[in-house]
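In what follows, a structure is listed as structure tokens, so that the remarks can point back to it.
Positions are given from 1, in the same order as the sequence printed here.
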Amino acid sequence: AVGVLGQQVQIFIQGQGPPLLAHELLAQIVHGDAPLAWRLTLIVAVVIGATIVEEVLLRGLLQTGLCRALGSTWLGSGAAGGLFVLMHAGAIPRDGWITAGATLVVLALALGMTFARTRSIAGPIVRHAGFNAVSTAGAFLIT
């Protein structure tokens with residue numbers, strides 16, 4: 001829903017929608033000329049590997065520390081979420097940033113609040129992996 005709203009905002013502001021694949025790695029997975037085994041390895045890395053590493057570092061370590069240091073779950077979660085968005089900024093083409101940026105902000109907030117509410121890293125890992133899996137599968141379907 002956020003992606004669709006972001007697309008409409010982007011069309012309104014720029015007069016055109018974002019590219020079909022607003023993430024460079026997804027474009028490489030779907031349209032790359034690498035062997036199938038390499039592309040499958042990238043999918044596993046995106047859906048499982050990156051998800052675990054990012055959530056352990058951003059939620060498990062950084063968000064926990066920031067929440068304690070700042071004395072606020074909201075500020076700590078927001079700061080960790082902001083870093084999450086910035087970490088992904090380089091992979092987003094300029095003509096897709098409004099849509100992808102809005103989606104990333106909502107995802108970052110959902111992951112941060114999941115961790116804050118459950119005090120378990122498992123919830124954000126599962127949500128993040130689900131998001132990446134659906135995004136990857138969707139990339140194959142729309143192109």
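- Shortest non-hydrogen contact noted between L66 and A79 is CD1-CB, 3.7 Å.
- For the pair F115 and G60, the tightest heavy-atom approach, listed with the atom from each and the gap, is CZ-CA, 4.0 Å.
- Across all their heavy atoms, A108 and V85 have their closest contact at CB-CG2, 4.2 Å.
- To the nearest 0.5 Å, the span separating CG on L111 from CZ on F131 amounts to 9.0 Å.
- Shown here are the side chain to side chain donor-acceptor pair (under 3.5 Å) partners of T73, two or more places apart in sequence or in another chain: there are none.
- Remark: F84 engages H88, H128 in a ring-ring contact (aromatic ring centres under 6.0 Å, His included) (not counting sequence neighbours).
- Atom CG of L75 sits about 11.5 Å away from atom CD of Q63, to the nearest 0.5 Å.
- Judged as a side chain to side chain donor-acceptor pair (under 3.5 Å), and not counting sequence neighbours, T64 has no contacts.
- Every residue meeting the side chain to side chain contact (heavy atoms under 4.5 Å, CB included) condition with I43, not counting sequence neighbours, appears here in chain and number order: I29, L40, V47, T136, F140.
- Hydrophobic clustering (side-chain heavy atoms under 4.5 Å, transitive across Ile, Leu, Val, Met, Phe, Trp, Tyr) keeps M87 apart from L57.
- No chain of hydrophobic side-chain contacts below 4.5 Å, direct or via other Ile, Leu, Val, Met, Phe, Trp or Tyr residues, connects V53 to V126.
- Applying the salt bridge (Lys or Arg N to Asp or Glu O under 4.0 Å) definition to pairs two or more places apart or across chains, none involves residues 107-129.
- Listed by chain and residue number, I48, V56, I125 satisfy the side chain to side chain contact (heavy atoms under 4.5 Å, CB included) test with I52 (two or more places apart in sequence, or in another chain).
- Annotation for A139 and V30: closest pair CB-CG2, 3.6 Å, computed over non-hydrogen atoms.
- When all heavy atoms are compared, the tightest approach of S77 to C67 is N-SG, 4.0 Å.
- Clustering of Ile, Leu, Val, Met, Phe, Trp and Tyr side chains at separations under 4.5 Å leaves V134 isolated, with no partner residue.
- The salt bridge (Lys or Arg N to Asp or Glu O under 4.0 Å) analysis of residues 35-57, with sequence neighbours excluded, yields the pairs E55-R59.
- A search for side chain to side chain contact (heavy atoms under 4.5 Å, CB included) contacts involving L86 returns nothing, not counting sequence neighbours.
- Placement of V105 and M113 in two distinct hydrophobic clusters is found when ILVMFWY residues are connected by side-chain heavy-atom separations under 4.5 Å, directly or transitively.
- For T51 against V46, the heavy-atom pair with the smallest separation is OG1-O, 3.4 Å.
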